[in-house]
Protein chains: 2
Amino acid sequence: MKKSVKKSKLSWEEIAEFCETLTEAEDALTREMVSRISDKWSLWTMSVVADIDEPMRFSRIMEHVEGISQKSLTKTLRGLERDGLITRKVFAEVPPRVEYTITALGSEMLDNVAPLWLWTAKSVQRFQACRAAFDDRGVQPARK
Amino acid sequence: MKKSVKKSKLSWEEIAEFCETLTEAEDALTREMVSRISDKWSLWTMSVVADIDEPMRFSRIMEHVEGISQKSLTKTLRGLERDGLITRKVFAEVPPRVEYTITALGSEMLDNVAPLWLWTAKSVQRFQACRAAFDDRGVQPARK
DNA sequence: CCGTATCCAAGCCGATACTG
DNA sequence: CAGTATCGGCTTGGATACGG
């Protein structure tokens, strides 16, 4: 189960080094983009749009992203569009039709998130064990 | 310039497939753990604790994680401890001393986050360009 | 030194109602 | 169909004060 550590593994220090070459605005945007990953809906929405190989309509996306409200989906899609992760195409028809498509940049982001997600999913029992041990020790969890 | 796409590249569908083998609780915890990554302070705190090669005291961490409040740092550290990402050792001294250390699990998580962070940082100009283009389009004109 | 307790402001997000 | 508008509960996190 345990993989051998690759020599080419990136160290966090290398990241920090690279990030220091960024302007303050660029650094802030980097954090903001990473934030998308844990955004309640963004990643799920992206993966839904990406999974189907053709443009998707608003209502169809909403069916697949279970539990999202219309308002949140609109907001999520606008944000993704603004950052170039999906495209939005409006057709001047009645009734209106709007189609969303994943962009190359969006696919790239999904590809980069995937390994992390998989590692996390595969490590989940370890996290559960740590939590159980912590809670058994009877330590008070930090209050808000 | 562009790297050739590896065949072994993970697809999002494979992730979904694996995640379906998880219980609901495990799936929820996976999301929660991924959320840490974009948590305002967690990752920064972890990287600070990890960067220095010796146990760090509370006050020292607070110096390095610029802008964090005492309350937020306490909460962040407790959460990281609970999930097994750092350890917390209290010394029965006066004045009190508490030392924090990164765990193997914590290092592993940082290693898995690193590539994504680096990709994001290196892609930041593209995101900026997309935003600028979007904002320049302004409010969508009805015609065009 | 290392926290906890309390207050409060801001933002997220669901529910609901309405529009072109 | 694909939004926009409004409300209100809930969470987040900073400031401040206090405790062991």
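Labels below follow one simple rule: chain letters A, B, ... track the order of the sequence lines, proteins then strands, and each chain is numbered from 1. Owing to the predicted nature of the structure, the values given are computational and were not obtained by experimental measurement.
- At distances below 3.5 Å, not a single donor-acceptor pair connects side-chain atoms of B/Thr21 with backbone N or O atoms of B/Glu17.
- Taking the charged nitrogens against the carboxylate oxygens, A/Arg126 and B/Glu108 do have a contact shorter than 4.0 Å, which makes a salt bridge.
- One finds no salt bridge joining B/Arg131 and B/Asp135 here, because no Lys/Arg side-chain nitrogen approaches an Asp/Glu carboxylate oxygen to under 4.0 Å.
- To the nearest angstrom, C1' of D/dG13 lies 13 Å from CG of B/Leu73.
- Using a 4.0 Å cut-off, no side-chain N or O of B/Arg97 falls inside it from OP1 or OP2 of C/dG3.
- Residue A/Phe91 is out of contact with every strand shown, counting any heavy-atom pair closer than 4.0 Å.
- In this structure, A/Tyr100 does not reach the D/dC1 phosphate: none of its side-chain N or O atoms is under 4.0 Å from OP1 or OP2.
- B/Arg57 pairs by the salt bridge (Lys or Arg N to Asp or Glu O under 4.0 Å) definition with nothing, not counting sequence neighbours.
- Between B/Ser72 and D/dG14 there is a side-chain polar atom (N or O) within less than 4.0 angstrom of OP1 or OP2.
- Here the side chain of B/Ser72 pairs no donor or acceptor atom with the backbone of B/Ile68 at under 3.5 angstrom.
- Relative ring orientation between A/Trp119 and A/Phe127 is described as perpendicular, the plane-to-plane angle rising above 60° on a 0-90° scale split at 30° and 60°.
- Dashed line: the shortest gap from a side-chain N or O of B/Arg78 to OP1 or OP2 of C/dG3 is under 4.0 Å.
- Comparing A/Arg60 and B/Lys40 by the nucleotide of DNA chain D whose heavy atom lies nearest to each, the residue mapping closer to the 5' end is A/Arg60.
- Nucleotide D/dA2 holds its P atom 11 Å from the CE atom of A/Met56, rounded to whole Å.
- Atom pair A/Lys75:NZ and D/dA5:P shows a separation of 15 Å (rounding to whole Å applied).
- Note: CD1 (B/Ile68) to C1' (C/dC2) measures 14 Å, nearest angstrom.
- At whole-Å resolution of the value, NZ in B/Lys89 and P in C/dC1 are 21 Å apart.
- Side-chain N or O atoms of A/Arg36 include one that pairs as donor or acceptor with a backbone N or O of A/Gly79 at under 3.5 Å.
- Atom CD in A/Glu81 sits about 15 Å away from atom P in D/dA2, given to the nearest Å.
- To the nearest angstrom, C1' of D/dT4 lies 15 Å from CG of A/Leu77.
- Spacing between atom CD of A/Glu63 and atom P of D/dA2 amounts to 10 Å, rounded to whole angstrom units.
- Listed pair A/Ser59 / D/dA2 meets the phosphate criterion, a side-chain N or O lying under 4.0 Å from OP1 or OP2.
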Quick one: what's the B/S/- string for nucleotides 15-20 of chain C, heavy-atom cutoff under 4.0 Å, read 5' to 3'?
B----B

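- The phosphate of C/dC1 (OP1 or OP2) has no side-chain N or O of B/Arg57 nearer than 4.0 angstrom.
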